[in-house]
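Working notes, beginning with the structure itself.
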Amino acid sequence: MIKNDFDENNEENENKRKKSPTKLILIFIIVFVLVFCGVYFGIQLYNNSISKPSPTTTSSTTKSVASSDSLVENPIDFKSLKAQNDEIYAWIKVDDTNVDHPIVQNSTNDEFYLKHKAEDKSWSASGAIYTELINHKNFNDAFTVIYGHNGYGDTMFTTLHKFEDKEFFDTHPYFYIYAPGRKLTYQVISAFKYDDRHIMNSFNFADTTVVEEFQEYVQNPDSALKNVRTELDKPITESSKIVILSTCITNQKSSRYLICGVLTNDEKTN
């Protein structure tokens, strides 16, 4: 039987109709796979971006926490104090005494604060707590001498005489000095009666041998009135920084009472 053109066209169309669903199914499967892969990898990338912060963010956060943790409290408002007197540069506190005062240093006259207040430089018989120009104001000298009057009630350095009592000495091993951005902790080495010589002018502390000799002396002073701490947190070495608190002794013009402390901790403050 001979097929005419019409029959051939019908057969061709029928074959196309049979193939169309197969193509559509195949196309659908391909599209579905592509969409599924895109969605899957998109979710993975999103989850990774949440769970793993960028290196910059992590580093910044770590530094911030470390910086915050390393700071200790500074209770002194130096900005306000310096607005009253820009020669205030530190603050000293000795627990269970009335020593809780600013420290000053006059720029030209070592004797100025013998009779002037730290707060406003006004005249005052009891003066202020001060250092002299021979000492730097960063407490990095081998020896720093801080002066304060005795005998004006319980003001200035008068209550340092509590260290004459052994029990008080034993139970009060530290005093503290605050400066802008710093808290300095000193362990009390000794408290003793001394003569009235000017310590910073009487010894050449530029000579390491002299420094070592005076370090040995404050650890074992030859005084009848003394208390000494034999066990220290840190051994005293050539690089140790010692602060000497100096005040008078009532009715003994040629004597001084010294509290000697060695720096054991220098902390950054907020």
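Side-chain contact between Lys183 and Lys268: absent, with no pair of heavy atoms (C-beta onward) separated by less than 4.5 Å. When side chains are defined from C-beta on, Trp123 does not count as touching Lys117, because their heavy atoms never get closer than 4.5 Å. Proximity of Glu87 to Asn106: side-chain heavy atoms (C-beta onward) are separated by under 4.5 Å at one or more points. Between Leu71 and Thr269 there is no side-chain heavy-atom pair separated by less than 4.5 Å. For the pair Val99/Thr159, a side-chain contact is recorded, criterion being any heavy-atom separation below 4.5 Å from C-beta on. Side chains of Gln105 and Leu133 form a contact here, defined as non-hydrogen atoms less than 4.5 Å apart. For the pair Ile129 and Val104, the minimum side-chain heavy-atom distance is 4.5 Å or more. In this structure, Gln215 and Ile242 have side chains that are in contact, with non-hydrogen atoms separated by less than 4.5 Å.
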Stepwise, does the side chain to side chain contact (heavy atoms under 4.5 Å, CB included) test hold for Thr155 with Asn98?
CA-CA 7 Å; Thr155 64; Asn98 290 340; over 6 Å; no
Show your working on side chain to side chain contact (heavy atoms under 4.5 Å, CB included) between Phe157 and Thr97 and close with a plain yes or no.
CA-CA 9 Å; Phe157 273 177; Thr97 72; over 6 Å; no
How far apart are the C-alpha atoms of Asp266 and Arg182, what are their side-chain angles, what is the distance that settles it, and do they pass the salt bridge (Lys or Arg N to Asp or Glu O under 4.0 Å) test?
CA-CA 7 Å; Asp266 186 348; Arg182 297 173 76 193; 2.7 Å; yes
Steps toward side chain to side chain contact (heavy atoms under 4.5 Å, CB included) verdict (Ile92, Phe175)
CA-CA 8 Å; Ile92 184 168; Phe175 63 83; 4.3 Å; yes
Just do the side chain to side chain contact (heavy atoms under 4.5 Å, CB included) check on Val243 and Ile146 with the steps written out, would you?
CA-CA 7 Å; Val243 160; Ile146 304 177; 3.7 Å; yes
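When the shell of 6.0 Å around CG of Asn270 is examined, it contains more than 12 heavy atoms from other residues, nucleotides or ligands. Shown here is Glu111, whose CD atom has no more than 12 heavy atoms of other residues, nucleotides or ligands within 6.0 Å.
Between His161 and Tyr257, a ring centre-to-centre spacing shorter than 6.0 Å is recorded. The ring of Tyr217 has its center closer than 6.0 angstrom to the ring center of Tyr194. A distance below 6.0 Å separates the ring centres of Phe205 and Phe214. Tyr152 has its ring centre less than 6.0 Å from the ring centre of His149.
Between His198 and Tyr147, the two ring planes are tilted [angle within 30° to 60°].
With hydrogens and angles disregarded, no donor-acceptor distance shorter than 3.5 Å links the side chain of Asp110 to the backbone of Glu132. Lys115 contributes a side-chain N or O that, together with a main-chain N or O of Ala125, makes up a donor-acceptor pair within less than 3.5 Å. In terms of modelled atom types and a separation under 3.5 Å, the side chain of Asn135 and the main chain of Phe143 share a donor-acceptor contact.
The shortest non-hydrogen separation linking Cys260 to Val218 is SG-CG1, 3.8 Å. Taking all atoms of both residues into account, the shortest heavy-atom contact from Phe78 to Pro180 is CE1-N, 3.7 Å. Thr158 and Gly151 make their closest contact through OG1-N, 2.9 Å (heavy atoms, listed as atom of the first residue, atom of the second, distance). Here the shortest heavy-atom pairing between Ala128 and Ala118 reads CB-N, 3.7 Å. Shortest non-hydrogen contact noted between Arg229 and Val188 is NH1-O, 2.6 Å.
Checked by atom type, the side-chain pair Asn265/Thr185 shows no donor-acceptor distance below 3.5 Å. Side chains of Gln84 and Lys121: no donor on one and acceptor on the other come within 3.5 Å. No side-chain donor-acceptor contact under 3.5 Å links Glu119 and Asn85. No side-chain N or O of His172 forms a donor-acceptor pair with one of Asp95 less than 3.5 Å apart. Residues Thr264 and Gln187 have side chains that never bring a donor and an acceptor to within less than 3.5 angstrom of each other. Side-chain atoms of Asn150 and Thr250 form a donor-acceptor pair, as typed in the model, at a separation below 3.5 Å.
In this structure Tyr174 satisfies the ring-ring contact (aromatic ring centres under 6.0 Å, His included) test with no other residue, sequence neighbours excluded. Listed by chain and residue number, Asp100 satisfy the salt bridge (charged side-chain N to carboxylate O under 4.0 Å, His left out) test with Lys93 (two or more places apart in sequence, or in another chain). The salt bridge (charged side-chain N to carboxylate O under 4.0 Å, His left out) test applied to Lys166 returns Asp170, not counting sequence neighbours.
Here the OG atom belonging to Ser190 is positioned 9.0 Å from the CG atom belonging to Asn220, to the nearest 0.5 angstrom. Separation of atoms CG (Leu81) and CD1 (Ile88) is listed at 4.5 Å; rounding is to 0.5 Å.
Transitive grouping of hydrophobic side chains (ILVMFWY, heavy atoms separated by less than 4.5 Å) keeps Leu232 and Phe169 in distinct clusters. Residue Leu114 is not grouped with residue Ile249 when hydrophobic side chains (ILVMFWY) are merged at heavy-atom distances under 4.5 angstrom, including chains of intermediate members. Hydrophobic cluster membership differs between Tyr130 and Ile177, with clusters built from Ile, Leu, Val, Met, Phe, Trp and Tyr side chains linked at under 4.5 angstrom. Hydrophobic cluster membership differs between Phe139 and Val262, with clusters built from Ile, Leu, Val, Met, Phe, Trp and Tyr side chains linked at under 4.5 angstrom. The hydrophobic cluster containing Tyr89 also contains Leu263, counting ILVMFWY residues as joined when their side-chain heavy atoms lie under 4.5 angstrom apart, directly or transitively.
Between Arg256 and Asp195, no side-chain nitrogen of the basic residue sits less than 4.0 Å from a carboxylate oxygen of the acidic one, so the salt-bridge criterion is not met.
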